[in-house]
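Throughout, numbering of the chain's residues begins at 1 and tracks the sequence. The analysis underlying the following values was restricted to heavy atoms, covering all of them including side chains, and did not include hydrogens, waters or symmetry mates. Worth saying up front: this structure is predicted, and the values here are computed from it rather than measured. When a ligand or atom number is given, it counts from 1 through the structure's own listing order.
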Amino acid sequence: MENVVRVAVTGACGQIAYNLLFRIASGELLGKKQPIALHLLDIPESNQALEGVKMELQDSAFPLLQEIKTGSDPYKLFKEVDIALLLGAKPRALGQERKDLLHENGHIFINQGKALGEVAKREAIVLVVGNPCNTNALILASHAKGLNKNHIFAMTRLDQNRAKGFLAEKSGSLVKDVTNMVIWGNHSSTQVPDFTQAKISGRSAQEVIQEKEWFESVFIPKVQGRGAEIIKARGKSSAASAAAAVIDTLVSLREETVEGESFSLGAFSQGNSYGIDPELIYSFPFRVEFKRLKQVNSLPIDPFILKKMKETEKELIEERQLVENLLGDCL
Ligand code: NAX
């Protein structure tokens, strides 16, 4: 099959996948002309459900969808993939310690990192969504021998989208008019939605919304706590908005970034200009220029924001220490 882009999705029976797979197959991820093969991976216990998802994809008769593979062996399912969207992870159980979740999910990413390194395309793009996504991506990268480390990411786009929505609502603007909304650090409650970089219709967000107190004590905690707010309201975690953020991330990686805009992505911190520890997966702003992905460096950082950037860095360093025994030697 020539010209087919192979997209692996783990956690393919989960609720994010159910909101994502049909959008990928319809061409929203890679454009309306790009033929696609979907490689769907979940645990063996989900085999039957996985067949159900496959049947529904077949029944949708998507013209671009040329092949569907299903299974639970990453060495088979990641073979020759161009893109791996890693949603599969266990949710935190009631009363479970963060450390135990890090370990439990960490093991998944050791195995998947090794498999991707062995059988995926060398330049494959890997987006880790399963939580704790930054540290899972770090574990994966440390085992993915042969993969381009600069193509391994953790998703913070949902946080960016949420923050844009709140700024639009507060200022009575449209979401499309809010630009350069930067998320720094960990995809957790220590993340830093940097309102000082954001623009609304080309003007500084702080100039448009002249309420310093609102930014610091309402906006930031609202973005940080939105995931929990959704769980409280819906009884389940964000799924459709998470799927939308996956699509947005991949579209941003493939299209030229418009003037004055950036998008946020957890990525290797090596070589960053903000003094962040160089061996973390930390969220930074990026742009695509002349088909190349570039970290946006040397932005002026407000002292209040800098303090918060160091706090989220500290949390990521602690997470790295907690999984030290799970890290491989490929970093
Ligand atoms: P679900 O619990 O609905 O689905 C998870 C799926 O993963 C299940 O089908 C499960 O069988 C599968 N799975 C578990 N271990 C696996 C393995 N080793 N290999 C393959 N599949 C495996 O969760 P869902 O709501 O879809 O969320 C998926 C992940 O995304 C969770 O870890 C969640 O915390 C995380 N999220 C991350 C977000 C982000 O912005 N980075 C936002 C949304 C979401 O909370």
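Taking every non-hydrogen atom of Leu87 and a distance limit under 4.0 Å, the qualifying atoms of ligand 1 come out as 28 (C), 29 (C). Near Ser238, meaning under 4.0 Å from one of its heavy atoms, ligand 1 places the atoms 43 (C). Atoms of ligand 1 lying under 4.0 Å from at least one heavy atom of Cys133, given by number and element, are 41 (N). Taking every non-hydrogen atom of Ser237 and a distance limit under 4.0 Å, the qualifying atoms of ligand 1 come out as 25 (O). The Gly130 neighbourhood of ligand 1 comprises atoms 29 (C), 30 (O), 32 (O), with distances under 4.0 Å to a heavy atom of that residue. Interface of Ile108 with ligand 1, defined as ligand atoms under 4.0 Å from a residue heavy atom, comprises 15 (N), 18 (N). Near Ala242, meaning under 4.0 Å from any of its heavy atoms, are these atoms of ligand 1: 43 (C).
Here the rule is side chain to side chain donor-acceptor pair (under 3.5 Å) with Thr135, and of Arg320, His187, Glu319 only Glu319 fits it. With His39 as the fixed residue, the side chain to side chain donor-acceptor pair (under 3.5 Å) test singles out one of Glu67, Lys79, Arg6, Lys76: Arg6.
What sits closest to atom 16 (C) of ligand 1 on the protein, heavy atoms only, is Ile43 CG2, 3.5 Å. For atom 42 (C) of ligand 1, the nearest non-hydrogen atom of the protein is Leu158 CD2, 3.7 Å. The protein heavy-atom contact nearest to atom 37 (C) of ligand 1 is Val129 O, 3.0 Å. Here the heavy atom of the protein found nearest to atom 4 (O) of ligand 1 is Gly14 CA, 3.2 Å. Atom 36 (N) of ligand 1 has as its closest protein heavy atom Asn131 ND2, 3.4 Å. With respect to atom 38 (C) of ligand 1, the closest heavy atom belonging to the protein is His187 NE2, 3.6 Å.
Summarising the contacts of atom 14 (C) of ligand 1 with Ala89, Ala137, Gly11, the nearest heavy atom is found in Ala89.
Taking a 4.0 Å cut-off on heavy atoms, Ala239 fails to register as neighbouring ligand 1. At least one heavy atom of Ser46 sits closer than 4.0 Å to an atom of ligand 1. Using a 4.0 Å heavy-atom cutoff, Gln112 is listed among the residues neighbouring ligand 1.
Between Phe219 and Trp214, the ring planes lie tilted relative to each other; the angle falls in the 30° to 60° range. Using bins of under 30°, 30° to 60° and over 60° for the plane-to-plane angle, the ring pair Trp184/Tyr282 lands in the tilted bin.
For Ile16, a nitrogen or oxygen atom sits less than 3.5 Å from a nitrogen or oxygen atom of ligand 1, counting backbone and side chain alike. Between Asp159 and ligand 1, a contact under 3.5 Å exists for no N or O pair. At a 3.5 angstrom cut-off on N or O pairs, Thr10 does not count as close to ligand 1.
Note: Arg287 CZ to Lys294 NZ = 8.5 Å, rounded to the nearest 0.5 Å. To the nearest 0.5 Å, the span separating CD1 on Ile43 from NZ on Lys90 amounts to 7.0 Å. Remark: Ile125 CD1 to Asn150 CG distance equals 11.5 Å, nearest 0.5 Å. Rounded to the nearest 0.5 Å, atoms CG (Asp100) and CG (Asn105) are 11.0 Å apart.
Within a 4.0 Å radius of atom 2 (O) of ligand 1, the protein has no heavy atom.
Remark: Glu229 does not engage Lys232 in a salt bridge, criterion side-chain N to carboxylate O under 4.0 Å. Salt-bridge formation is not detected for the pair Lys314/Glu311: no Lys NZ or Arg NE/NH1/NH2 atom is positioned less than 4.0 Å from an Asp or Glu carboxylate oxygen. Look at Lys164 and Glu261 and you find a salt bridge, because one of the NZ, NE, NH1 or NH2 atoms lies within 4.0 Å of a carboxylate O, short of that distance.
At a 4.0 Å heavy-atom cut-off, ligand 1 touches Asp42 through backbone and side chain alike.
Shown here is Lys114, whose NZ atom has no more than 12 heavy atoms of other residues, nucleotides or ligands within 6.0 Å.
Judged purely by atom type and a 3.5 angstrom limit, Glu256 uses its side chain to pair as donor or acceptor with the backbone of Phe290.
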